[in-house]
Amino acid sequence: MAEYRQATVFDVAKEAGVSTATVSNVLNRRDVPLSEKTIRKVEEAAAKLGYRRNVMAASLSRRKTYEVGLLLPGFVGYYGLFAQQMERTAHKYGYHLSVFSTDMDSKVERRLLEKLLERRVDGLFCHGLAMSGDSARKVVNDGTPILFFNCWNELKHLAIGTVNLNVYQACVDAVVHLHEQGCRSFFYYGNKRAFATNEQRIHGFREGLRLTGGKHPADMIDVEDIAADDLAEWLAERSEDATPAGVMCFDDWKAFVCQNRLIEGGYDVPGRFKVVGINNEFVAGHSYPGITSFNVPYEHQADMSFRWMLTHLGEQAKLEAKGERPFSPPVAGGEVKIPLTLVERLSSR
DNA sequence: AGTCGGATAGGTAATAAAAG
DNA sequence: CTTTTATTACCTATCCGACT
């Protein structure tokens, strides 16, 4: 009884009556000169045997895995959608992507990181909240390049680059937009557990207030400090009936909660309060009133991140040979800011 | 010049051999 | 018998030499 195993280049070579070197050349090195006859023979043999490339052996041979890791805090909302896009982008560039979520637990983070390094990933993409400084330093010292996204702390100096959503500017724009829509008092409904990403929003909120005159009443609340049940009353007490108040929320889910609570409390949205979220998630477009939000260009952010990484890995020549447009990375260690675009809906009109 | 193949590297685990 | 050391299997990509 023959043992069942997948066909190798050796089997294909025997079937086609050529050497393994020729098989390899036909299958993945079309730049070396080969006769049509040989190509046909090898392709027919490979098809007949159901040959499938062994990427482990290939990685061993070329000392490069064409695998990259993506480390996220979790999979909810933006994270999951970004992961989905990164998977597509990785495949587009001929890479395999391993995605892990740390759940903001440093023990989990270290274990998952070790798994990725065991697999000899060529590079790592890390969310600013998903990785500690010690881990980042260790990885970089071991020679695995890291690219951060949505990272606003000093860690980014360890990376080959940082690709950040410009949530700061989005928040500036949010306040300006609310002001243009007639709001004369402003609130930020934040989430301090999100650390730096929350800080960015606060800075943007303050800058927005400054740009709109700096005289309007403004306050901040945090989801940690106030029960949703009390939210509407809290906001009502601190704003006036005469002019609408603007509430800029940490994200669309916070905006969803906020808006529902206001309506539940008998306050008109957008008449009495105008609500803005961030990320333009499903809930923003499908609640009523629709929630004004900021759209995330996932594909752009993923593509920018990948191209930057590939350039660092010395792969840009191969890409340009395949007809990809040239890519010039920003200054080493620099930061790219990806703009978010305002999506106006009924909640702020 | 145009094609093709032999030999080898590459990192680890399983197996074999040798030493204790 | 136990522990250490040496060899081999795994499979592919690539360099360089050989052949027409």
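In what follows, every heavy atom counts, from backbone to side chain, and hydrogens, waters and symmetry copies are set aside. So you know, we letter chains A, B, ... as the sequences are listed, proteins then strands, and number each from 1.
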Atom pair distance, as rounded to whole Å: OH in A/Y66 and C1' in B/dG10: 15 Å
Minimum-distance nucleotide (side-chain atoms of A/A58 versus C/dT14, B/dT12, C/dT12): C/dT12
Gap between atoms CZ and P, on A/R119 and B/dT12 respectively (whole Å): 14 Å
Residue A/L60, side-chain heavy atoms: nucleotide from B/dG10, C/dT12, B/dT12 that is nearest: B/dG10
Under-4.0 Å salt bridge between A/K92 and A/D303: yes
Residue-phosphate contact under 4.0 Å: A/T38 side-chain N/O, B/dC4 OP1/OP2: yes
Integer-rounded Å distance: B/dG11 C1' and A/R120 CZ: 8 Å
Interatomic distance where CG belongs to A/N25 and P belongs to C/dC15 [whole Å]: 10 Å
Value in whole Å for how far the P atom of B/dG11 lies from CG of A/L117: 16 Å
Rounded interatomic separation in angstrom, taking CZ from A/R40 and P from B/dC4: 12 Å
Short side-chain N/O contact from A/R62 to OP1 or OP2 of B/dT8, under 4.0 Å: no
Touch class at under 4.0 angstrom, heavy-atom based, for A/V18 against every strand present: sugar-phosphate
Side chain of A/T20 - closest among B/dC4, B/dA7, B/dT3: B/dA7
Rounded interatomic separation in angstrom, taking NZ from A/K14 and C1' from B/dC4: 20 Å
Atom pair distance, as rounded to whole Å: CG in A/L27 and C1' in C/dT14: 15 Å
N/O (side chain, A/N28) to phosphate O (OP1/OP2, C/dA13) under 4.0 Å: yes
Proximity to the side chain of A/N54 - top-ranked nucleotide from B/dG11, C/dC11, B/dC4: C/dC11
A/K115/A/E118 under salt bridge (charged side-chain N to carboxylate O under 4.0 Å, His left out): CA gap, chis, key distance, verdict: CA-CA 5 Å; A/K115 289 292 164 202; A/E118 278 179 359; 3.7 Å; yes
Side-chain N or O of A/S19 closer than 4.0 Å to phosphate OP1/OP2 of B/dG5: yes
Same apolar cluster: A/V76 and A/F82, side chain cutoff 4.5 Å: no
Joint hydrophobic cluster, A/L60 plus A/Y95, side-chain heavy atoms closer than 4.5 Å: no
Under-4.0 Å salt bridge between A/R40 and A/E44: yes
Residue-phosphate contact under 4.0 Å: A/S35 side-chain N/O, B/dC4 OP1/OP2: yes
A/S24 vs C/dA13: side-chain N/O to OP1/OP2 distance below 4.0 Å: yes
Sugar-phosphate, base or nothing in reach of A/A21, heavy atoms under 4.0 Å: base
